[in-house]
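Down below is the structure, laid out as structure tokens.
Remember, it's a predicted structure, so these values are computed and weren't measured experimentally. Throughout, a chain's letter reflects where its sequence line sits, starting with A, and its residues are numbered from 1.
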Protein chains: 2
Amino acid sequence: MVVFMNVTQPSTRSKLLNAALQVVRTTGFEATTVDELCRTAGVTKGAFFHHFKSKEELGVEATRYWTEMTGAMFAAASYHEFEDPLDQLIAYVDFRRQLLEDHSIPEATCLLGTMVQETYSSNPVLREACRIGIETHAGTIAEIIAAAKSRHAPKASWSAEGLALHTQAVIQGAFILAKARDDLSIAADSILHLRRYIELLFHYGKEE
Amino acid sequence: MVVFMNVTQPSTRSKLLNAALQVVRTTGFEATTVDELCRTAGVTKGAFFHHFKSKEELGVEATRYWTEMTGAMFAAASYHEFEDPLDQLIAYVDFRRQLLEDHSIPEATCLLGTMVQETYSSNPVLREACRIGIETHAGTIAEIIAAAKSRHAPKASWSAEGLALHTQAVIQGAFILAKARDDLSIAADSILHLRRYIELLFHYGKEE
DNA sequence: TGACACATACCAACCAGTCGGTATGGTTGT
DNA sequence: ACAACCATACCGACTGGTTGGTATGTGTCA
């Protein structure tokens, strides 16, 4: 049972969750220590284990927190304002590309993709939590794609869900290349290829 | 100085490297312990630190070993047999998709993508080793793409290197989705989208 | 006064890496 | 031919530091 607390100064719990988003994306989940999390959040170890019964539980809660935060961010983004769902989709891809600008790699990358790489085999609970987060976001994109498809390409052989997951695959893979090169610009290049793919699928810009 | 040993029974060193490819892809690099590596390889800890001065050095050597092994595998693959480089490229993508069949997730996924996620920030040496491995493979694909481009789309605005890196991004991202779902078939779907993108870029199958 | 939200001190397990020692096969000097 | 010497390969008990987690104390507020 979560009780909503005073919003003016962040609760210890949310300080720890925010610390987790930062530190885990930088260091990875396994290499992140509880002490490091406490240091970053500015709280003690006692406070940590008061709010989370284990490091794993913090991980699961962090995926929920992440899904909530990013969900709100995407819900408020301006790409929804286009009338045509195809315009929304293209604008979403452009938005994802813009999100890379003026950010460090840990800030730009996805908590869920980072965590699931390490835990998919050793920790089914965390794996499932990451899956839910990824598919929740993919679901919102699938809705846009489904609307765009029924308007612009109703007879296409691919599914809206499949294409939505593909957009997430490209974005996740772009982050891996960016990490390997220590340079986010390569990720932007790959997302541009994704944009071009969608343009070609829908003949975008070739119709009047 | 590496001295070539008897090939009939694998050396302790290669037993450890093979163990690393398995265990690291399953467990992740950080969560993999030296003891676990030794148990899997069937050697003692003394042997481990005789051949590698640290766990990090094993990691670097494992990326080299991986790049060598997979490089030989791709060099021997049949997609090179097509005369038209565009046919080679399409066949390469199909080959990558086939590689997912009849394999578990740890067997199918990429050591370098897994390792670089965890180490890009904390271990520059390992990050660089992973980058070299990824870009070595991407380079071989870029050659094929460059040949296909000059024959079929010489005026296209995208670069061969960029598209080659994009293919690797899609494949790496597909692995992340597969790990999150604990199901490789989603990765195959994403690679099919990659195939369709290349077909559209080159108007493949629409010319006679 | 008692429940909640922490703080401090502590612990047992684990882990990378060390170290003294052994087995074996090749080289050298006589 | 053979002893002396040495390098490589390997063994496994041990260590010092770290880590996730616990036990217990303390201030605060309803």
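Residue B/H166 is tested with B/I198, B/L194, B/I141 for a side-chain contact (heavy atoms from CB on, under 4.5 Å); the sole match is B/L194.
Considering only residues two or more places apart in sequence or on other chains, A/F48 meets the ring-ring contact (aromatic ring centres under 6.0 Å, His included) condition with A/F52. A/E143 is linked by a side-chain hydrogen bond (donor to acceptor under 3.5 Å, both in side chains) to nothing, counting only residues two or more places apart in sequence or in another chain. Scanning for side-chain hydrogen bond (donor to acceptor under 3.5 Å, both in side chains) contacts around B/Q88 gives an empty result, with sequence neighbours left out. Residues satisfying the side-chain hydrogen bond (donor to acceptor under 3.5 Å, both in side chains) test with B/Q22, not counting sequence neighbours, are none. Checked against ring-ring contact (aromatic ring centres under 6.0 Å, His included), B/F82 has no partners two or more places apart in sequence or in another chain. A/F29 pairs by the ring-ring contact (aromatic ring centres under 6.0 Å, His included) definition with nothing, not counting sequence neighbours.
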Point to revise | Base versus backbone protein contacts along nucleotides 10-17 of chain D [heavy-atom cut-off under 4.0 Å; B, S, -] | key: BBB-----

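Aromatic ring centres of A/W158 and A/F202: separated by under 6.0 Å. Less than 6.0 angstrom separates the ring centroid of A/Y92 from the ring centroid of A/H137.
For the pair B/L37 CG and C/dC15 C1', the computed distance is 13 Å after rounding to whole Å. Put simply, CG on A/L16 is 13 Å from P on D/dG20, counting in whole angstrom units. Taking atom NZ of A/K55 as the reference point, atom P of D/dG21 lies 8 Å away to the nearest angstrom. For the pair B/F52 CZ and C/dT18 C1', the computed distance is 18 Å after rounding to whole Å. Distance NZ (B/K53) to C1' (C/dG17): 13 Å, rounded to an integer number of Å. Rounded to whole angstrom, the span from the CZ atom of B/F49 across to the P atom of C/dT18 amounts to 7 Å. If you take CZ of A/R39 and C1' of C/dA7, they are 17 Å apart, rounded to a whole angstrom.
Against DNA chain C, the stretch residues 21-35 of chain B makes heavy-atom approaches under 4.0 Å through B/T32, B/T33, B/V34. Proximity of residues 56-65 of chain B to DNA chain D (heavy atom under 4.0 angstrom from any strand atom) is not detected for any residue.
Pairs passing the salt bridge (Lys or Arg N to Asp or Glu O under 4.0 Å) check and including a residue from residues 169-187 of chain A, sequence neighbours excluded, read A/R181-B/E135. The list of salt bridge (Lys or Arg N to Asp or Glu O under 4.0 Å) pairs with a residue in residues 120-129 of chain A, not counting sequence neighbours, reads A/E128-A/R131.
Checked by atom type and distance alone, the side chain of A/N18 pairs as donor or acceptor with a backbone atom of A/S14 at under 3.5 Å.
Electrostatic pairing of B/R196 and B/E199 does not count as a salt bridge here, judged by no charged N lying under 4.0 Å from a carboxylate O.
Using five terminal pairs a side, the axes of the helix from C/dT1-D/dA30 to C/dT30-D/dA1 at its two ends make an angle of 0°, given in steps of 10 degrees.
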